[in-house]
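Contents: one structure, followed by commentary.
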Amino acid sequence: MIIGILKEKQKYESRVSAMPETIKKLIKAEHSVIIEKGAGNKSFISDSDYKNAGANIVESDNDIYNKSDIILKVNPLDNDELEKIKDGSTLISFFQIKDEIKNIPQYINKKISILSMSHVPRTTLAQNMDALSSQSNIAGYKATIIGADHISKYMPLLMTAAGTIKPAKVLILGAGVAGLAAIANAKRMGAQVYAFDVRPVVKEQVESLGAKFIEVESDSNEGVGEGGYAKEVSEDYKKKQAELIKETIKDMDIIISTALIPERPAPILIDKSMVESMQPGSAIIDLAAINGGNCELTKCDEIINHSNIIIDGRSYLPSTMAQDASQLYSKNVFNLFNHIYNNDNPLNLEDEITNGSLLLNKGQVNNKILQNFIDQENN
Amino acid sequence: MIIGILKEKQKYESRVSAMPETIKKLIKAEHSVIIEKGAGNKSFISDSDYKNAGANIVESDNDIYNKSDIILKVNPLDNDELEKIKDGSTLISFFQIKDEIKNIPQYINKKISILSMSHVPRTTLAQNMDALSSQSNIAGYKATIIGADHISKYMPLLMTAAGTIKPAKVLILGAGVAGLAAIANAKRMGAQVYAFDVRPVVKEQVESLGAKFIEVESDSNEGVGEGGYAKEVSEDYKKKQAELIKETIKDMDIIISTALIPERPAPILIDKSMVESMQPGSAIIDLAAINGGNCELTKCDEIINHSNIIIDGRSYLPSTMAQDASQLYSKNVFNLFNHIYNNDNPLNLEDEITNGSLLLNKGQVNNKILQNFIDQENN
Amino acid sequence: MIDLSYLISAICFIYGLKMLSHPKTARNGNIIASLGMLIAIIATVYLGTELDIKMIAIAMIIGSIIGAFFAIKVEMTQMPQLVAIFNGFGGGASALVATSEFLKYGHNSTMFLIISITLSVLIGTLTFTGSFIAFGKLQGLISTKPITFPGQQLLNGILAIIMLIAAYMIPNYGMDSFYTILILSGLLGILLVIPIGGADMPVVISLLNSYSGIAAAMTGFVLVNSEPSAGNALIICGSLVGASGMILTQIMCKGMNRSLVNVIFGAVGGEVEGSSGEGKEVNIKSYSTEEAAMIFDAAEKIIIVPGYGLAVAQAQHAVREVAEFLEDKGKQVLYAIHPVAGRMPGHMNVLLAEANISYEQLKDLDEINPEFEDCDVAVVLGANDVVNPAARSDQSSPIYGMPILNVDKARTVIINKRTMNTGFAGVQNELFGYDNSIMVFGDAKDMLIQLLSDLKEL
Amino acid sequence: MIDLSYLISAICFIYGLKMLSHPKTARNGNIIASLGMLIAIIATVYLGTELDIKMIAIAMIIGSIIGAFFAIKVEMTQMPQLVAIFNGFGGGASALVATSEFLKYGHNSTMFLIISITLSVLIGTLTFTGSFIAFGKLQGLISTKPITFPGQQLLNGILAIIMLIAAYMIPNYGMDSFYTILILSGLLGILLVIPIGGADMPVVISLLNSYSGIAAAMTGFVLVNSEPSAGNALIICGSLVGASGMILTQIMCKGMNRSLVNVIFGAVGGEVEGSSGEGKEVNIKSYSTEEAAMIFDAAEKIIIVPGYGLAVAQAQHAVREVAEFLEDKGKQVLYAIHPVAGRMPGHMNVLLAEANISYEQLKDLDEINPEFEDCDVAVVLGANDVVNPAARSDQSSPIYGMPILNVDKARTVIINKRTMNTGFAGVQNELFGYDNSIMVFGDAKDMLIQLLSDLKEL
Amino acid sequence: MDITTITIFILAVFVGFEIITKVPPTLHTPLMSGSNAISGIAIIGAILATNIDGDIGMWLGFIAVIFAMINVVGGFMVTDRMLKMFKRK
Amino acid sequence: MDITTITIFILAVFVGFEIITKVPPTLHTPLMSGSNAISGIAIIGAILATNIDGDIGMWLGFIAVIFAMINVVGGFMVTDRMLKMFKRK
Ligand SMILES: NC(=O)c1ccc[n+]([C@@H]2O[C@H](COP(=O)([O-])OP(=O)(O)OC[C@H]3O[C@@H](n4cnc5c(N)ncnc54)[C@H](OP(=O)(O)O)[C@@H]3O)[C@@H](O)[C@H]2O)c1
Ligand SMILES: NC(=O)c1ccc[n+]([C@@H]2O[C@H](COP(=O)([O-])OP(=O)(O)OC[C@H]3O[C@@H](n4cnc5c(N)ncnc54)[C@H](OP(=O)(O)O)[C@@H]3O)[C@@H](O)[C@H]2O)c1
Ligand SMILES: NC(=O)c1ccc[n+]([C@@H]2O[C@H](COP(=O)([O-])OP(=O)(O)OC[C@H]3O[C@@H](n4cnc5c(N)ncnc54)[C@H](O)[C@@H]3O)[C@@H](O)[C@H]2O)c1
Ligand SMILES: NC(=O)c1ccc[n+]([C@@H]2O[C@H](COP(=O)([O-])OP(=O)(O)OC[C@H]3O[C@@H](n4cnc5c(N)ncnc54)[C@H](O)[C@@H]3O)[C@@H](O)[C@H]2O)c1
């Protein structure tokens with residue numbers, strides 16, 4: 001097969017969907033690879049690196065869209081790209097349905113197959129294809145670094161001749177993959193770390209990283225949805241939770257919020273008054289920004305200052321660590337590709353992973369949620 | 001006495017020379033304190049905080065210059081301020097002779113006394129007045145944070161489903177106070193840390209923080225100057241050192257350089273070719289920038305990108321942590337003030353600390369190095 | 001001369017026993033003890049009063065052949081029952097000697113002699129029958145379940161009282177009393193052992209062993225008048241074995257977390273086999289940390305496999321301490337980090353870095369898997385899914401296809417977790433039942449701390 | 001009845017000694033042993049053959065008063081010499097008893113008796129004179145320096161040979177031979193002890209103590225024919241003390257890192273007092289980790305003072321382990337962080353955070369200083385300047401005026417560093433010589449690891 | 001019957017109690033088996049018993065020798081076999 | 001002279017060797033002092049010696065009793081004094 005790799009066009013995107021190593025593996029598996037010129041630049045990979053790995057460098061993305069059977073990308077196609085892609089080809093990339101729903105008709109028209117990295121099931125077996133995890137982990141890690149950069153205090157405890165500096169207090173809202181990574185790194189940096197999540201199972205995980213878990217008393221499985229993800233919670237719970245967060249937040253120096261509910265806007269956990277109750281000089285890193293943010297005031301991809309509180313809504317943290325982010329992403333993509341195509345029966349819909357990640361199969365809808373969204377659109 | 005506290009006028013300065021706590025102590029010691037409006041804003045201290053502590057808030061700095069016997073500042077006076085200061089008053093602030101030499105005649109003319117925070121002797125007893133240490137420690141700490149932010153890689157080792165991420169390699173050039181702080185924090189963040197210094201005693205200190213010391217073979221006390229500071233080293237040593245750094249640098253992801261020699265330009269340890277030999281995506285944090293930098297390419301207070309290597313020459317890192325920096329600095333200042341004025345014989349020139357920090361005594365030169373500089377200027 | 005020989009043989013026994021209780025000297029200890037025995041026999045036969053050497057030789061040869069035959073033939077797994085039966089013969093011998101002494105003196109003996117003979121017969125016979133029951137239980141000839149019936153203890157008490165009376169009556173009734181004692185002792189031996197469960201058998205055997213020593217000592221008291229030096233020898237060696245056996249029994253009880261009283265009267269020793277909860281039954285071996293420590297002690301290359309449970313237990317420091325101790329002993333210790341161990345990417349890295357375990361010791365899946373084959377012990381600490389062999393072999397398993405750490409290739413796998421519960425993926429792990437697997441249950445931190453102190457005590 | 005009493009008293013001694021060797025039971029052990037002695041004496045006096053009770057009572061009262069007087073009056077620091085002298089009397093008593101037995105039997109005794117008497121007199125007298133020399137050395141009456149002269153060992157050898165010959169001649173020359181032995185033994189005792197240095201005295205006393213036990217045992221052999229039960233009692237108790245004393249001597253030698261041979265023949269035991277290098281001489285007490293462990297064991301509140309040395313030794317994990325062990329024993333452990341400890345601001349924080357010591361346990365100067373007063377042990381680990389009392393009191397000191405951690409206010413201060421070298425500021429630290437200060441020399445990490453294992457063995 | 005006999009008995013009991021201190025669990029069985037073999041010291045009595053007058057006594061002695069010998073020989077051998085397993089490579 | 005005496009001696013030596021195992025250094029002196037007091041068991045011999053005919057023997061016995069008594073009483077008392085120091089608060 002001919003596999004095409006494109007340069008990402010989004011403003012803040014620095015990642016690339018395949019590393020030279022991955023390309024070597026693809027070529028070993030007797031595929032041929034074409035790659036757009038400069039695709040790796042922002043991840044500090046030169047075209048010659050790609051060439052050495054065996055890829056063909058092409059000047060224009062048109063060539064790639066025309067020739068490739070399968071296209072590897074980080075982000076889904078924009079309008080322009082969607083125009084260019086050849087009918088019947090397969091796209092492997094992140095794909096949040098709620099954000100892309102407007103383009104779905106065109107994908108269907110062009111009989112595109114979409115293998116969504118966002119929909120790889122979160123099973124033990126699929127973990128090496130789980131790009132959500134690998135990128136969330138980066139985001140969580142990086143959030144603590146920029147948090148430490150934003151505040152005008154030390155993270156660790158320090159007893160010096162000029163007095164004792166108290167350790168910074170960090171609160172993590174939502175202890176999924178990103179949240180756990182943030183906890184781990186904030187602990188490492190010496191801060192006092194607190195965490196909160198709706199799913200009670202997370203308590204043990206938080207404590208396994210040495211942080212304190214803040215609990216809302218409630219029916220124990222309130223926030224547990226399908227497949228280990230969170231679901232929306234009751235009003236009563238929301239009130240208790242708001243109360244708890246409100247109390248806790250006052251003392252915090254950094255808040256890293258990662259609370260997400262799949263295919264839904266992010267829950268608002270921090271409102272304006274709560275922000276204003278924080279100590280001047282504190283920072284909020286809102287990793288849920290792209291889904292609306294966990295903080296009312298968050299502006300996606302902007303760093304704002306509200307009454308001396310910094311609210312960082314950058315959604316592209318993985319891109320700021322493009323070298324590692326690209327490496328992990330490209331391995332995830334390759335593993336998925338390999339899982340699906342490296343057997344006698346490619347696109348075996350019996351297979352949980354293949355079936356789960358396949359949103360469109362040559363233009364045919366292969367996903368319940370997607371179908372729901374389409375039905376909703378049509379009404 | 002009337003003690004005046006000013007708002008710092010320098011572009012990147014966010015610190016303030018006295019915290020409300022310090023002011024309380026001064027007032028308890030029966031001094032009165034006047035402070036310029038908004039002096040603490042950038043350190044997130046409001047005027048009302050100062051008021052509550054007992055200070056008088058004044059609108060214009062003129063009032064302060066006119067009324068104060070002693071002026072507490074972070075940075076020395078600029079031309080404008082020097083105009084305004086009342087004759088015969090005392091200034092306590094940082095004071096690097098080589099940078100301020102042009103203003104010295106005017107200080108002398110106005111019979112100003114200068115107590116330089118930069119010249120407090122580095123003795124055990126004086127440690128709580130040692131603002132160089134407290135601020136260098138911040139700079140070293142912060143350098144690792146911004147280093148981790150600059151590079152597009154993780155700091156720690158990570159073994160994940162999508163492959164193993166190697167830990168970042170960090171090289172610290174110059175293991176004084178700032179260097180040691182950088183080592184400690186980089187280790188904490190999980191990086192592999194190497195350090196280099198001309199003073200061999202530092203080896204034990206570096207190792208006491210768990211980092212590796214890189215050694216140049218040589219006469220063992222080559223780089224040891226007066227008072228525990230470094231001195232300039234021989235040509236032969238410089239060559240060996242350059243060789244060693246050149247070899248080491250190639251593998252490094254972050255370089256934090258802190259090498260300084262008092263009252264002299266910083267030694268150049270990294271030249272252009274060495275920068276270019278580094279891996280793309282790496283970063284250099286040059287804490288010696290204000291003294292010319294340890295890297296040939298460093299531009300003071302700028303972050304530049306040279307062939308995909310970021311060179312961060314910001315000299316105001318302590319200001320980015322203004323809350324803690326101001327707190328520590330104000331304690332240092334208070335301790336020095338207290339040491340000098342809180343006894344029967346103020347400005348006791350027998351006292352090592354007083355004598356060491358007193359550069360000008362009512363316009364009279366009280367410091368050998370300063371005298372040397374003046375003599376040089378006059379020739 | 002004969003006295004001196006006995007003294008020397010006694011010293012041999014003392015030293016032998018002492019050495020037997022240390023792993024490194026144990027084998028030599030056994031040899032020294034057997035040497036002591038040889039000296040004692042030779043002294044008795046050649047230096048003693050005139051004996052019918054031919055007859056003795058025949059008896060000795062018969063006995064030796066039988067003993068040697070079983071000692072060589074029997075399978076390793078049947079050792080305990082063999083010890084039980086040998087022990088029974090020892091007790092029997094004492095009882096027989098006492099009997100023949102009784103026949104010699106009749107009922108006209110001194111008080112002291114009567115007491116000695118009674119005790120010797122009582123304990124010897126009890127040991128004899130009791131050992132056979134123990135043998136039967138271990139061999140599976142008799143149900144290993146505790147066999148109990150109401151009034152059991154009462155019956156034992158009555159038997160004891162009857163024997164007491166019979167002994168008191170010896171001067172009057174002579175042989176009749178004696179036979180009563182003989183028969184009832186045999187019965188008592190059976191009754192005492194039958195209610196004890198299979199799992200407690202080792203303790204019982206040890207106790208019977210101690211009894212047979214005491215029986216020998218009692219026989220010594222019987223003999224001491226007619227044959228003072230032989231009598232003394234029997235007393236010394238018998239009481240030595242009796243006392244040390246008692247201590248050993250107690251140590252064993254403590255090791256099994258049972259009190260001696262509990263074992264003898266409790267009759268509660270059920271099975272301690274673990275069951276795998278749901279699904280397939282796996283047959284697991286549960287070891288104490290002390291036993292695990294012995295295994296570590298003998299190992300040279302050790303691979304530690306941390307999992308989520310290690311993080312839950314916050315045992316990162318404990319594991320480093322154990323590893324450092326083992327390294328100080330010259331062993332090689334590596335950590336095998338599975339890419340998905342824990343609950344977040346790099347979870348194990350964070351954990352182990354916190355304990356300051358150097359990066360060089362951490363090996364990822366590809367590096368470490370070839371190493372398991374020549375590794376003596378793989379220690380799985382709170383990991384489960386990442387070492388589940390089903391991922392390699394069981395196509396129906398939800399984790400089939402995931403690369404795992406091949407811990408099962410190690411000579412011995414020691415697995416620590418709290419229960420037989422499943423891990424994150426919710427699938428059974430047949431590794432736990434493998435022949436080379438050993439489970440050590442408990443919280444990882446507690447277990448490691450215990451292990452360390454046991455290692456230090458070796 | 002008398003036999004039984006002796007047996008019981010022997011059992012008391014055995015138990016008493018056993019208990020004496022464990023800190024918690026030691027005192028009761030001593031009481032049990034003295035009870036055993038009481039039983040033995042009563043049995044001898046009241047149950048034995050007819051004796052001149054009045055005379056015995058007088059002698060016993062005299063002896064008791066002398067013994068009690070010294071036991072109560074003497075200062076704590078003089079205990080060792082007291083033990084030495086008591087021991088000498090014990091040996092003397094054995095020699096006297098043997099002498100009087102010799103007078104009784106004359107030279108017409110059996111071979112066995114002659115050997116027994118000779119050994120008893122030899123060892124008893126040697127213990128007597130040797131103990132007095134040891135006493136003299138410890139009390140400062142005789143130079144504590146090893147007193148040596150050429151041919152010393154040769155002389156000892158000749159004396160021994162002469163005695164051997166004299167003993168052999170007893171059947172011929174009777175009393176003359178005997179007196180020769182008596183006198184030469186006394187001389188030998190002096191000669192054996194005089195070349196041994198003051199520092200090795202404790203070992204010598206222990207050895208002499210063992211000898212006095214052996215002397216008693218030998219006396220037992222002398223008596224066993226005429227008074228079998230008393231003889232046996234002496235043999236049992238004497239050999240018990242002889243053997244246990246020998247073991248104790250060996251343990252002590254090991255503790256002092258000397259071999260027994262070395263002590264007896266080496267004559268090299270010099271002074272082990274530490275000197276402070278330059279400047280003022282401070283008189284320090286250097287303890288082993290074992291002794292330090294005993295102090296920790298008795299403490300309830302412990303404050304750890306880390307310094308630069310702890311970082312150099314990278315002993316952060318070791319200190320946490322020790323602290324956790326102590327906490328598990330129910331003790332309170334705090335860390336006192338001096339603001340300038342180490343070589344960079346916050347050095348100790350970085351260090352202790354790496355070992356995951358919780359922030360709550362770290363106390364800064366102002367918080368911790370009031371705590372030292374009711375703290376049992378302050379442990380200074382590789383810190384020096386930050387605990388130098390000169391900063392408080394010595395106006396001439398370059399660090400005068402710096403606030404320090406007031407460790408000297410603690411009941412006991414244990415200071416660990418490698419040498420008597422100064423710290424960063426280059427000033428002497430008189431804390432090391434304070435009465436409540438104890439030095440434990442060595443690298444902080446090694447020392448802490450050793451300490452932990454010693455703590456576990458208590 | 002003599003007090004010395006009792007003394008010896010008691011001392012031997014003491015020695016027995018004291019020499020077994022900490023035994024690692026893996027040595028429990030061998031140690032048990034080894035001390036079991038030692039309790040075959042009854043062989044001495046058995047041998048002497050063969051000398052007793054009267055058929056019954058003698059035959060009892062004969063059987064006792066066989067029994068004791070089984071205990072002794074079997075016991076030591078099986079102990080050795082067990083201990084061989086622990087030998088390090 | 002009897003082999004049993006030797007047997008008793010040897011067994012007692014064994015017991016003596018075995019009961020002292022690990023002694024913490026602070027207990028060295030008290031233990032030494034305590035066992036020293038026990039070695040005053042020579043008192044038994046001394047008491048019996050007072051019974052010996054002839055003046056010299058008797059007086060030797062008298063002195064021996066004094067000596068032994070010093071050892072016993074002084075020894076136990078001083079040991080107790082030392083051990084009191086170790087008592088916890
Ligand atoms: N790494 C990631 O990014 C990530 C993220 C999400 C999920 N996962 C999944 O998590 C699993 C990780 O595998 P794993 O082997 O590390 O863990 P695991 O399969 O979940 O097994 C952990 C085991 O530890 C035991 N345990 C729990 N607490 C313990 C304690 N205090 N002391 C001793 N043992 C304890 C538990 O058994 P007992 O209850 O019997 O003690 C459990 O069986 C994989 O299935 C992986 O797919 C990984
Ligand atoms: N905190 C800061 O910012 C800073 C910066 C620069 C200077 N200082 C100065 O450094 C000093 C700090 O005081 P401090 O008490 O922490 O340290 P210190 O006074 O320098 O004493 C450290 C002691 O540790 C011992 N030591 C070294 N290595 C050891 C090892 N491996 N094991 C055990 N002991 C070891 C040394 O004695 P041996 O050689 O005998 O073992 C030494 O006396 C102050 O004078 C302070 O002014 C502090
Ligand atoms: N099988 C695997 O191996 C594997 C791999 C990766 C992740 N997972 C699992 O997938 C699940 C989802 O992980 P994710 O990081 O992608 O989650 P996510 O990004 O969807 O959500 C982040 C976290 O926010 C929490 N959250 C949602 N609403 C909240 C609210 N109102 N208040 C507070 N917290 C709220 C969620 O519970 C979740 O923990 C987790 O259970 C994770 O362990 C499994
Ligand atoms: N007495 C005290 O308590 C106290 C307090 C603080 C600092 N100090 C001491 O003061 C001294 C100076 O500390 P500082 O941080 O202010 O130093 P600095 O900022 O002047 O210099 C930083 C480091 O750069 C090094 N350096 C100079 N030239 C170099 C070259 N060519 N290559 C490599 N490295 C080079 C120096 O050796 C020094 O370690 C140190 O010895 C420090 O320990 C003492």
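FYI, side chains are in, hydrogens and waters are out, and symmetry mates aren't considered; it's all heavy atoms of this structure.
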Check whether [X] gets within reach of chain E through its side chain, its backbone, both or neither, counting any heavy atom under 4.5 Å.
X	value
T219(C)	neither
I205(C)	both
L113(C)	neither
I14(C)	both

Exercise. Indicate whether any N or O donor in one side chain lies under 3.5 Å from an N or O acceptor in the other, for S212(C) and N36(E).
Key: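 Checked: S212(C)/N36(E) side chains show no N/O donor-acceptor pair below 3.5 Å.
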If we define contacts as heavy-atom pairs under 4.5 Å, which of [options] has the most with chain E?
options	value
I61(C), I72(C), V222(C), T99(C)	I72(C)
A215(C), A293(C), G92(C), G67(C)	G67(C)
S94(C), A33(C), A10(C), A216(C)	A33(C)
A84(C), G90(C), S34(C)	S34(C)
F128(C), F221(C), F86(C)	F86(C)

Under a 4.5 Å cut-off applied to non-hydrogen side-chain atoms, are [X] and [Y] in contact?
X	Y	value
I56(C)	F62(E)	no
F70(C)	I70(E)	no
R81(E)	N30(C)	no
M69(E)	I66(C)	no
F17(E)	L240(C)	no
M60(C)	V65(E)	yes

Quiz item: With K301(C), which residues qualify under salt bridge (charged side-chain N to carboxylate O under 4.0 Å, His left out), at least two apart?
Solution: E371(C), D374(C)
Nearest atoms (heavy-atom pairs only) where [X] meets [Y]:
X	Y	answer
A230(C)	L48(E)	CB-CD1, 3.5 Å
M37(C)	G40(E)	CE-C, 3.8 Å
A233(C)	I44(E)	CB-CD1, 4.2 Å
S239(C)	A12(E)	OG-CB, 3.1 Å
A217(C)	F9(E)	CB-CE1, 4.3 Å
N209(C)	S39(E)	OD1-OG, 4.4 Å

To the nearest 0.5 Å, what is the distance between [atom1] ([X]) and [atom2] ([Y])?
X	Y	atom1	atom2	value
I31(C)	D80(E)	CD1	CG	5.5 Å
E18(E)	K18(C)	CD	NZ	9.5 Å
I62(C)	F67(E)	CD1	CZ	11.5 Å
F112(C)	I6(E)	CZ	CD1	5.5 Å

Toward chain C, the part of [X] with a non-hydrogen atom under 4.5 Å:
X	answer
V72(E)	side chain
A37(E)	backbone
I47(E)	both

Practice problem: Show your working on side-chain contact (heavy atoms from CB on, under 4.5 Å) between S35(E) and L17(C) and close with a plain yes or no. | Solution: CA-CA 7 Å; S35(E) 71; L17(C) 273 182; 3.6 Å; yes
Quiz item: Should V203(C) and M32(E) be marked as a side-chain contact (heavy atoms from CB on, under 4.5 Å) after you check the CA-CA gap, both sets of side-chain angles, and the distance that decides it?
Solution: CA-CA 10 Å; V203(C) 177; M32(E) 185 160 82; over 6 Å; no
Highest number of heavy-atom pairs under 4.5 Å with chain C: which of [options]?
options	answer
I41(E), I8(E), V13(E), V73(E)	I41(E)
I43(E), I66(E), L11(E)	I66(E)
G45(E), A46(E), S33(E), G74(E)	G74(E)

Self-check item: A26(C): side-chain contact (heavy atoms from CB on, under 4.5 Å) partners, not counting sequence neighbours
Solution: L20(C), L27(E), L83(E)
